Amino acid sequence: MSNTVIASLLSRTTTSLYDPAATLSDEQIRELVRVATTAPTAFNFQNWRFIAVRTPEAKATLRTLAWDQPKITDAAVTFIVCGQLIDYSVLPQRLAPAVAAGIMPAQMVEGWQGAARGLYFEQPQRQRDEAVRSGAIGATALIYAAHAQGLGSTPMIGFDADAVARTFALADSELPVMLVSVGRALPENWPQKPRRPVADVLDFI
Ligand SMILES: Cc1cc2nc3c(=O)[nH]c(=O)nc-3n(C[C@H](O)[C@H](O)[C@H](O)COP(=O)(O)O)c2cc1C
């Protein structure tokens with residue numbers, strides 16, 4: 001197997017050491033998020049938000065809430081990738097651009113909304129699961145968008161979720177699913193670690 005997507009998957013690593021002098025413009029940050037948000041979500045809900053923490057003051061604050069990890073102040077930006085609890089009532093609005101583009105027939109919207117209502121209405125655990133799924137998929141796409149630009153990245157769960165939500169004014173309907181630092185990686189970073197054998201993680205039925 002060889003193509004550019006596979007080569008990207010095979011060559012990505014987590015960055016620990018960043019060049020603190022390297023910065024990203026707001027336009028570069030926007031482009032990373034534009035690419036990341038082409039990732040799939042259930043019903044195309046796009047139930048996510050990306051908070052780009054990139055000023056020295058905001059980075060210093062976030063670092064204190066994230067196990068004092070130096071990547072947060074050294075990387076150009078750290079995204080707080082938020083997943084949003086599913087609210088089925090916003091679905092027509094989320095699907096409208098696909099209808100306007102002639103991709104999705106308008107009469108399908110009601111059916112999708114009914115299915116979403118059946119799945120998520122008054123189901124807080126499912127709403128939360130979907131927020132975490134969407135946030136994790138969005139964070140993954142962001143990591144590979146950064147890799148494609150020659151940038152290093154660090155997914156992080158080492159942070160105080162309640163404190164991050166409070167300090168960065170997340171809505172009650174939002175969860176900080178993951179932090180993702182992005183910046184210029186220094187050459188001293190580890191190579192990719194070996195993985196468990198496929199035979200240990202794959203079952204055929
Ligand atoms: C959900 C998640 C949370 C992680 N949290 C942290 C973290 O808080 N700090 C850190 O340095 N690395 C963190 N990592 C990076 C992992 O340690 C790393 O992905 C793993 O060791 C595999 O290495 P590789 O990404 O270089 O292949 C996290 C990765 C994931 C996917």
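Worth knowing before you read on, the calculation uses all heavy atoms, side chains too, and leaves out hydrogens, waters and symmetry mates. Atoms within a ligand are numbered from 1 in the order they appear, just like the ligands themselves. Since this is a predicted model, take the numbers as computed values, not measurements. Starting from 1, each residue takes its place in the sequence as its number.
The closest side-chain heavy-atom distance from Thr15 to Ser153 is not below 4.5 Å. The shortest distance between side-chain heavy atoms of Ile51 and Arg49 falls below 4.5 Å.
If you number the atoms of ligand 1 from 1 as listed, the ones under 4.0 Å from a heavy atom of Gln192 come out as 27 (O). Within ligand 1, the atoms closer than 4.0 Å to a non-hydrogen atom of Lys71 are 10 (C), 11 (O), numbered from 1 in the order shown. Less than 4.0 angstrom separates some heavy atom of Thr13 from each of these atoms of ligand 1: 26 (O). Taking a cut-off of under 4.0 Å to the non-hydrogen atoms of Gly158, the atoms of ligand 1 that pass are 8 (O).
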Please evaluate residues Asp74 and Lys59 with respect to the criterion salt bridge (charged side-chain N to carboxylate O under 4.0 Å, His left out), reporting the C-alpha separation (whole Å), side-chain torsions for both, the decisive distance (0.1 Å), and the verdict. CA-CA 9 Å; Asp74 289 348; Lys59 289 199 281 187; over 6 Å; no

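Close N/O approach between Ser16 and ligand 1 is not found [any backbone or side-chain N/O within under 3.5 Å]. Among the atoms of Arg12, some N or O lies under 3.5 angstrom from an N or O of ligand 1. Residue contacts with ligand 1: Thr14 is placed with a nitrogen or oxygen under 3.5 Å of a nitrogen or oxygen of the ligand (distance criterion only). Remark: ligand 1 and Pro191 share no N or O pair separated by less than 3.5 Å (distance only, no angle test). Backbone and side-chain nitrogen or oxygen atoms of Pro155 are examined, and one is located within less than 3.5 angstrom of a nitrogen or oxygen of ligand 1.
Considering all non-hydrogen atoms of both residues, Asn47 and Ser134 come closest at OD1-OG, 2.6 Å. Annotation for Val164 and Pro176: closest pair CG1-CB, 4.1 Å, computed over non-hydrogen atoms. Contact record, Ala136 with Val177: N-CG1, 3.8 Å, taken as the closest heavy-atom pair.
Between Glu130 and the choices Arg133, Gln127, Arg126, Arg128, the side chain to side chain contact (heavy atoms under 4.5 Å, CB included) rule is met once, by Arg133.
Closest to atom 7 (C) of ligand 1 among all protein heavy atoms lies Met156 CG, 3.4 Å. Of the protein's heavy atoms, Lys193 NZ, 3.4 Å lies nearest to atom 22 (C) of ligand 1. The shortest contact between atom 27 (O) of ligand 1 and any protein heavy atom is with Arg195 NH2, 2.9 Å. In this structure, atom 5 (N) of ligand 1 lies nearest to the protein heavy atom Ile157 N, 3.0 Å. In this structure, the protein non-hydrogen atom closest to atom 9 (N) of ligand 1 is Gln69 OE1, 2.9 Å.
Using a 4.0 Å threshold on non-hydrogen atoms, atom 17 (O) of ligand 1 does not count as touching the protein.
Between Thr23 atom OG1 and Arg184 atom CZ the span is 8.5 Å, to the nearest 0.5 Å.
Annotation: Tyr88 is not in aromatic contact with Tyr120 [ring centroid separation under 6.0 Å not met].
Side-chain heavy atoms closer than 4.5 Å link hydrophobic residues (I, L, V, M, F, W, Y) into clusters, and following such links, possibly through other members, connects Met178 to Leu175.
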